[in-house]
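Letters A, B, ... mirror the listed sequences (proteins, then strands); counts begin at 1. Since this is a predicted model, take the numbers as computed values, not measurements.
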There are 2 protein chains.
Amino acid sequence: MNKNKISPAVVRRLPKYFRYLTNLENEGIEKISSRQLSEITGFTASQIRQDLNHFGGFGQQGYGYRVTDLKNSIIKIIGLNQEYNVAIVGFGHIGQAIYRYRGFDTKKFNVLGVFDLEDYEALDGKVKVQSIDKFEDFLTKNQVDIVVLTVPKEEAQKVSDMLVGKNVKGVWNFAPTNVKVDDNIPVENIHLSESLYTLIYYMGNPEQYIEK
Amino acid sequence: MNKNKISPAVVRRLPKYFRYLTNLENEGIEKISSRQLSEITGFTASQIRQDLNHFGGFGQQGYGYRVTDLKNSIIKIIGLNQEYNVAIVGFGHIGQAIYRYRGFDTKKFNVLGVFDLEDYEALDGKVKVQSIDKFEDFLTKNQVDIVVLTVPKEEAQKVSDMLVGKNVKGVWNFAPTNVKVDDNIPVENIHLSESLYTLIYYMGNPEQYIEK
DNA sequence: TAGATTGTTAATCGATTAACAATC
DNA sequence: TAGATTGTTAATCGATTAACAATC
C-alpha cells in the first residue's frame with residue numbers, strides 16, 4: 001500500500017468505483033476487466049488499473065478483477081468499513097435533507113446530535129434540536145467524527161471555531177464559504193451555487209462542455 | 001474573448017471568483033490586485049491573471065482590477081445576467097431544499113413547475129406538485145431551461161429520456177447515477193455520497209489532504 | 001518619471017494515456 | 001501452452017507556476 005502521495009483526482013474516483021462496483025455486484029456480475037469497467041465508467045482502462053495499483057494489486061493477470069473482492073477492498077480504502085458519529089449543525093432545509101437522506105448507509109452514519117439557533121423538537125418530536133450554545137459542551141462529552149455544516153455563511157466560521165481541540169475528524173461544509181479549521185482536519189465542500197453557476201456557464205457554452 | 005478552449009478547471013473557478021468579488025464589493029472594496037486576490041482565494045496571482053485573460057483583459061497595469069467591474073464581467077461570462085426557467089423533478093427532501101434554497105438569486109431562477117409521483121399540494125398549498133405523467137407535455141408547452149433532477153437513481157434515466165427534443169439547456173442532477181442526455185446538453189452532478197466518501201477517505205488519511 | 005501590476009510567454013509540474021513485459 | 005489481462009514504466013498531454021516585457 002503505497003499511500004504516500006495519492007492525488008486528489010484519484011481519491012475522488014474511489015467513490016465512483018465503489019458505486020459502479022456496487023451496481024455490478026447487485027446485477028450478479030462476478031468478474032470484470034479494466035476494459036469492461038472502462039466502458040461503464042468512462043475512465044480509460046489504463047487509468048483504472050493505475051488508480052487501483054496505488055493501493056495494491058487487486059486483479060489477476062489474464063482474468064481481471066473479482067467484483068465483490070474489489071468492492072470490499074475499496075470499502076476499506078475509503079474507510080467505509082467503520083461507523084462514524086455525526087453532528088448536524090443547522091437544521092434548515094439542507095440540514096433536514098441530509099438528516100433524512102437515504103442515500104448513504106444509515107447504519108454507518110450515526111447522527112448523535114442536531115443543532116440550530118434554539119432548542120426545539122422537529123419532525124413530530126422525533127428529532128431533538130439543541131441550541132448551538134450547547135454545541136461545544138456536546139463535542140467535549142461526545143466523540144463526534146463528522147460535523148455537517150449547513151448554517152448560513154455568516155455563522156459558518158463561528159461554528160468552525162468551536163471545533164478546535166474537540167477531536168472532530170472531518171467537516172462536511174454546505175455553507176457557501178470556505179471555513180478555516182485545524183490544518184489536519186479535512187473539509188469537504190458542497191457549494192450548491194457554484195455547481196449551478198458552472199452548469200449555467202456550460203449552458204451558454206455547450207461546445208466547451210466535456211461529458212463527465 | 002478567446003473562448004475556444006477554456007479548461008474545466010478554469011470554468012469551475014469562475015463561480016469562486018464571483019463569490020469572492022461579491023464579498024469584496026459588499027465590504028466596499030473598490031480595487032484589488034491579483035496578489036491580493038491570491039491571498040483571499042488561495043489561488044496563485046499568476047493563475048488568477050491567466051484565468052481572467054482567457055476572457056479578456058479586465059485589469060489595468062500598475063493598478064489592478066476594479067472590483068465591481070470585474071464582478072460584472074464575470075457575471076456576464078458565467079451567464080448570470082440572464083433569467084432561467086427551472087423545473088424540479090422529485091420533491092423529496094432534496095427537491096424541497098433546492099426549491100426553498102435562498103442561496104441563489106431567486107429573481108434569476110424561476111421555478112415553473114415541480115413534479116413528483118402524483119398531483120398534490122405542498123408547503124401549505126403554496127406549491128402545486130404535478131404528476132410526472134404531465135412532465136413531457138409540460139416541457140412541450142413551456143420553455144424550461146434547467147431541469148433539476150432529485151429523483152431516486154432508478155428513475156433518473158427515465159426522466160432524462162423525457163428531455164429529448166424539448167429544448168432543455170441543462171440538467172442539474174442530484175441522483176446518485178450518471179444520466180445520459182443529448183450530447184450537447186450539459187449535466188452538472190451533485191453526488192452527495194461521493195462527496196461524503198471523499199471526506200471519509202481524507203479523515204482516515206489526513207496527511208494526504210490538501211486544503212481546498 | 002518611477003513604481004506597480006498586468007498580460008503573456010516559457011518552464012515546470014502533475015495527471016492521463018500508451019505500451020509492453022510479466023504472469024495467470 | 002496460448003490467450004488474456006494485469007501491473008508498471010515511459011510518453012504525452014494539460015494545467016499551474018514563474019518570469020518578464022509591456023504599460024498604466
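Atom CD of B:E30 has 12 or fewer heavy atoms from other residues, nucleotides or ligands within 6.0 Å. Sparse packing is recorded around CD of B:E211, with 12 or fewer heavy atoms of other residues, nucleotides or ligands lying under 6.0 Å away.
Classification of the B:F109-A:Y197 ring pair by plane angle, with boundaries at 30° and 60°, yields parallel.
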Nucleotide-level pairing of DNA chain D, given in dot-bracket where Watson-Crick and G-U pairs need both distances under 3.5 Å and | marks other strands: ..||||||||||||||||||||||

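Regarding A:H54, its NE2 atom lies at a distance of 11 Å from the C1' atom of C:dT16, rounded to whole Å. In this structure, A:Q36 places its CD atom 12 Å from C1' of D:dA4, rounding to the nearest Å. Per the geometry, CD1 belonging to B:I32 stands 11 Å off P belonging to C:dT5, to the nearest Å. Distance, B:I210 CD1 to D:dT16 C1': 13 Å, rounded to whole Å. The interatomic distance linking B:R35 (CZ) with D:dT17 (P) rounds to 14 Å, in whole Å.
Annotation: cation-pi pair B:K71/B:F18 absent, no NZ/CZ under 6.0 Å from the ring centroid and within 45° of its normal. Taking the ring axis of B:Y63 as reference, the NZ or CZ atom of B:K31 stays within 45° of it and closer than 6.0 Å to the ring centre.
The structure places CG of A:N178 at 5.0 Å from CG of A:N189, a figure rounded to the nearest 0.5 Å.
Between B:R19 and A:E194, at least one side-chain nitrogen of the basic residue sits less than 4.0 Å from a carboxylate oxygen of the acidic one, meeting the salt-bridge criterion. Remark: A:R12 engages A:E188 in a salt bridge, criterion side-chain N to carboxylate O under 4.0 Å.
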Summary of protein contacts for nucleotides 7-15 of chain C, nucleotide by nucleotide, where a base hit scores B, a sugar-phosphate-only hit scores S (4.0 Å, heavy atoms): BBBB----S

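The side chain of A:T44 contributes no N or O atom lying less than 4.0 Å from OP1 or OP2 of C:dT16.
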